[in-house]
Amino acid sequence: MEFYILSIFPNMFESVFGETIIKRAQEKGLVKIELVNIRDFTHDKHRTTDDYPYGGGAGMVMKPEPIYEAMDYVKSKSPNVHTVLLTPGGRIFNQQKAKELSKRESVAIICGRYEGFDERVRYLADEEISIGKFVLSGGEIAAMAIVDATVRLIPGVLGNEESLKEESFENGLIEYPQYTRPREYRGMKVPEILLSGNHKKIKEWREKEAKKRTIEWMGEEDG
Ligand code: ADE
């Protein structure tokens, strides 16, 4: 799978994509991530990517031309690329969407900045995604979250595919509580059932706890 990430701050991605699972996925050749600097597609001396809004008002607006030209470049390499525009008003990202993206061959993610982008940039997008009902100062952190959640679902990326099946959201449930050594820490004990060796009982206990957490979680959800 390949990602093209269009941003005016490509350096922001280097540490996140240069570590852990995303790094290994790239090394294994399962994922290719190309950071596309929108500024490279400007033609003026100051490499301008924003301008004043028509009609007046506060703040600057991202110009359409550098983003269109950056997408021309991406499409020259990957004509069928699926294009995502990140915006706080988009459809809220979730595990289902991560799964859907992980099945695609090629995804471009356009990160907006400032107060927004020229409306015509929206015509480039196959879909608009938000990572939550809050406003970030740009799409970069949202893109990192989406790439992370998506990459780990690509077959072969995680060493242990079983861990995916057990994981939160996969079966519609939040994950059950996990413990490791020591058996007791600062007075907090590992539940006896987990030490019992009774696999049937352990499975039942985990299912019950997962359901309990799911009910609590649904109560907090604000849609
Ligand atoms: N850009 C600014 N806020 C955002 C959000 N919540 N999700 C995605 N992109 C954004």
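Atoms within a ligand are numbered from 1 in the order they appear, just like the ligands themselves.
- Salt bridge status for Glu2 with Lys77: absent, with no side-chain N to carboxylate O gap under 4.0 Å.
- Applying the ring pair (Phe, Tyr, Trp, His ring centres under 6.0 Å) test to every pair with at least one member in residues 134-158, sequence neighbours left out, gives no pairs at all.
- Val190 is linked by a side-chain contact (heavy atoms from CB on, under 4.5 Å) to Tyr179, Leu194, Leu195, counting only residues two or more places apart in sequence or in another chain.
- By the 6.0 Å contact criterion, CD1 on Ile33 is enclosed, its count of non-hydrogen atoms from other residues, nucleotides or ligands being greater than 12.
- Judged purely by atom type and a 3.5 angstrom limit, Asp126 uses its side chain to pair as donor or acceptor with the backbone of Thr83.
- Protein residues having a heavy atom under 4.0 Å from any atom of ligand 1 are Leu86, Thr87, Pro88, Ile129, Ser130, Ile131, Gly132, Phe134, Val135, Leu136, Gly138, Ala142, listed by chain and number.
- Remark: Thr48 engages Asp44 in a side chain to side chain donor-acceptor pair (under 3.5 Å) (not counting sequence neighbours).
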